[in-house]
Amino acid sequence: MIVISDADNVATALEALEVGQVLAAVGSLTVREPIPRGHKIAVRAIRAGAEVMKYGSPIGRATSDIPPGAHVHTHNVSSARGRGDLGRHSSIGTDGRIAEPPDQKGNP
């Protein structure tokens, strides 16, 4: 699995994950439900309404409480990308690209 930023509350599964599998890469995270390859898994609790963070940028909002180790997908996240009705998010530049998150050394 891959986590890019300390701000991320989800990781991307690089291979299918099975229930009960323990992932040491992010502490000791136990997989709660099957996670297909390429899908997201919560690496910490995400409360309903909170931003879902991937690659250091918000990708949507949780529509329900998501416990660590749960599958994060359209059943529990409302995407914020491409939603003109929500207005432009502060992380999206005028060119439509998502701003790079600042690195951990404080460089922009």
Side-chain angles (χ1 to χ4, degrees):
M1 87 184 175
I2 185 167
V3 177
I4 299 294
S5 168
D6 288 340
D8 293 354
N9 51 20
V10 298
T12 302
L14 298 178
E15 59 187 41
L17 303 173
E18 299 177 9
V19 174
Q21 190 174 347
V22 177
L23 307 173
V26 286
S28 180
L29 179 66
T30 301
V31 178
R32 290 178 173 252
E33 52 194 307
I35 311 291
R37 178 178 179 261
H39 283 230
K40 296 176 290 299
I41 181 172
V43 295
R44 56 180 173 261
I46 305 170
R47 302 194 81 174
E51 290 184 322
V52 175
M53 301 292 293
K54 179 180 176 185
Y55 305 148
S57 297
I59 61 168
R61 289 200 179 271
T63 57
S64 61
D65 289 342
I66 305 172
H71 187 203
V72 178
H73 200 52
T74 55
H75 66 289
N76 55 15
V77 175
S78 173
S79 176
R81 293 187 174 173
R83 297 268 316 261
D85 60 318
L86 299 177
R88 184 173 295 277
H89 191 278
S90 62
S91 67
I92 300 175
T94 56
D95 61 356
R97 299 180 67 177
I98 295 175
E100 295 290 330
D103 66 25
Q104 302 306 312
K105 297 175 186 167
N107 297 321

Donor-acceptor contact present, side-chain Asn9 to main-chain Val52, <3.5 Å: no
Val31 versus Glu33, closest heavy-atom pair with distance: CG1-O, 3.0 Å
Under 3.5 Å: donor-acceptor pair, side chain of Asp8, backbone of Gly56: yes
Heavy-atom pair of closest approach, residues Ile46 and Glu51: CG2-O, 4.3 Å
From Met53 atom CE to Ile4 atom CD1, the distance as rounded to the nearest 0.5 Å: 13.0 Å
Where Val3 and Val10 come nearest, the two heavy atoms and their spacing: CG2-O, 4.4 Å
Aromatic ring pairing His73/His75, orientation class (parallel under 30°, perpendicular over 60°, tilted between): tilted
His39 side, atom NE2; Thr12 side, atom OG1 - distance, nearest 0.5 Å: 10.0 Å
Ile66 reachable from Ile59 in the ILVMFWY side-chain graph, under 4.5 Å edges: yes
Euclidean distance, Leu29 CG relative to Arg44 CZ, rounded to 0.5 Å: 11.5 Å
Hydrophobic cluster identity match, Val43 and Val22, side-chain contacts under 4.5 Å: no
Any pair counted as ring pair (Phe, Tyr, Trp, His ring centres under 6.0 Å), so long as it reaches residues 4-24, sequence neighbours left out: none
Contact summary for Ser64 and Asn76, nearest pair of heavy atoms: OG-CB, 3.7 Å
Under 3.5 Å: donor-acceptor pair, side chain of Arg32, backbone of Pro68: yes
Closest approach of Ala42 to Pro67 (non-hydrogen atoms, all atoms of both residues): CB-O, 3.5 Å
